[in-house]
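Have a look at the structure below, then the notes.
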Amino acid sequence: MSDTQTQEAVTERDSEDLDALVDKIDDNAEDLIALLDALDATQGLAEELVPELTDVARDNREPIRELRVAFEREETLVLLQKVGHNSEQLVELLDVLEVSAGLTEDLVPELVTVVRENRATVERLRAAFEKEETIILLERLGENADALVELLELLDVTRGLADDLVPELTDVARNNREPIADLRLAVEGFADARRERETPDMYELGRNVEGLVALTETAAQPEVVNSLDAGLSAFTDETKPKKLGFFGLLAALRDSDVQQALGTLVEAARRMGRANDR
């Protein structure tokens, strides 16, 4: 193929491409006109904004420099990375904040009304919390938080135990209703009898009670208990002792055990008489 033919082929191909371009321009003439208008408006806006932006940049050169330094810090980069990694959680948090903001807007009028109606109560509460005793109480509660938690747990366990025992106690009270009524009558009778008597001297009553306690302690000693138990067994044994006459009594006085017992009784009688003479 000669150069002339080649040139004609290239010219024909360029003509086809140019015709296709003209067709596309014709098909999108409206969009192209709108784009040109937008570019024209943008150029005009840019020409108007450039002086303003220049002044703003000049006036805020120092804050811009500080902002750049802040963004170049490692902490800022780490923060931005964490924000990027947790973008989904951040979006959810923003959604929650938006809902909370709407809820707050709905509640604010109600809260204002509540505060206005309870202003006197709030003032009293504030005065109470500002007292030194309240502050000391809060400090002690904080210092004894562990003990308080243990006490609450113990109360919880005790309440559960009480819940378990109440049915049992109810059954016991129901089954022992008559003995409890008899005991109540006995207490009432004792109180009535005591009320009818003259009121004793409390000092003398205390001395007598102390003497009674001392007597009880003495009677509780093993020697006294053993002696009384052995002596009273003569009344409770099924085998009754034989009858004694005058000569039998004289013969019994020769027994060392009888002599020991009679000596103890005579000494007790002597001491009781001596105490009554005082």
Side-chain angles (χ1 to χ4, degrees), residues 136-137 140-141 143-278:
I136 294 175
L137 175 61
R140 290 184 178 178
L141 286 176
E143 294 172 357
N144 299 280
D146 296 337
L148 182 61
V149 171
E150 293 179 359
L151 178 60
L152 292 176
E153 293 177 353
L154 178 61
L155 288 176
D156 189 17
V157 173
T158 306
R159 180 181 178 182
L161 180 62
D163 293 337
D164 296 337
L165 288 178
V166 163
E168 303 295 335
L169 295 176
T170 303
D171 294 338
V172 170
R174 185 180 299 108
N175 296 333
N176 296 277
R177 186 172 296 170
E178 294 183 0
I180 292 174
D182 295 339
L183 180 61
R184 185 182 63 184
L185 291 175
V187 172
E188 291 178 355
F190 176 80
D192 294 339
R194 187 64 185 172
R195 193 180 301 110
E196 293 175 358
R197 296 183 57 184
E198 296 181 357
T199 303
D201 184 13
M202 299 307 296
Y203 178 76
E204 292 297 331
L205 181 61
R207 289 178 60 87
N208 294 336
V209 170
E210 193 280 331
L212 181 62
V213 171
L215 178 61
T216 304
E217 292 177 352
T218 303
Q221 293 181 1
E223 297 84 358
V224 178
V225 173
N226 293 333
S227 299
L228 293 175
D229 185 46
L232 294 175
S233 64
F235 296 94
T236 58
D237 287 345
E238 296 180 357
T239 304
K240 296 182 179 180
K242 62 182 180 179
K243 297 181 180 180
L244 292 178
F246 177 73
F247 293 103
L249 180 60
L250 293 177
L253 290 176
R254 295 189 185 95
D255 190 345
S256 60
D257 293 333
V258 174
Q259 292 175 357
Q260 180 68 33
L262 290 175
T264 302
L265 292 175
V266 171
E267 180 63 24
R270 184 182 294 109
R271 293 182 182 182
M272 292 173 63
R274 189 182 304 118
N276 291 328
D277 291 339
R278 292 177 183 176

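The model shown is predicted, which means the values in this text are computed figures rather than measured ones.
With rounding to the nearest 0.5 angstrom, the OG1 atom of Thr170 is 10.5 Å from the CG atom of Asn175. With values rounded to the nearest 0.5 angstrom, Asp163 atom CG is found 10.5 Å from Thr158 atom OG1.
Using a 4.5 Å heavy-atom cutoff, the side chains of Glu153 and Val157 are not in contact. You'll find the side chain of Arg174 reaches within 4.5 Å of the side chain of Asp171, heavy atoms only.
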>> Would Asp156 and Arg159 count as a salt bridge (Lys or Arg N to Asp or Glu O under 4.0 Å) here? Give the steps.
In response: CA-CA 5 Å; Asp156 189 17; Arg159 180 181 178 182; over 6 Å; no

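More than 12 heavy-atom neighbours from other residues, nucleotides or ligands sit within 6.0 angstrom of CD on Gln221. The environment of CD in Glu188 is crowded: more than 12 heavy-atom neighbours from other residues, nucleotides or ligands sit within 6.0 Å.
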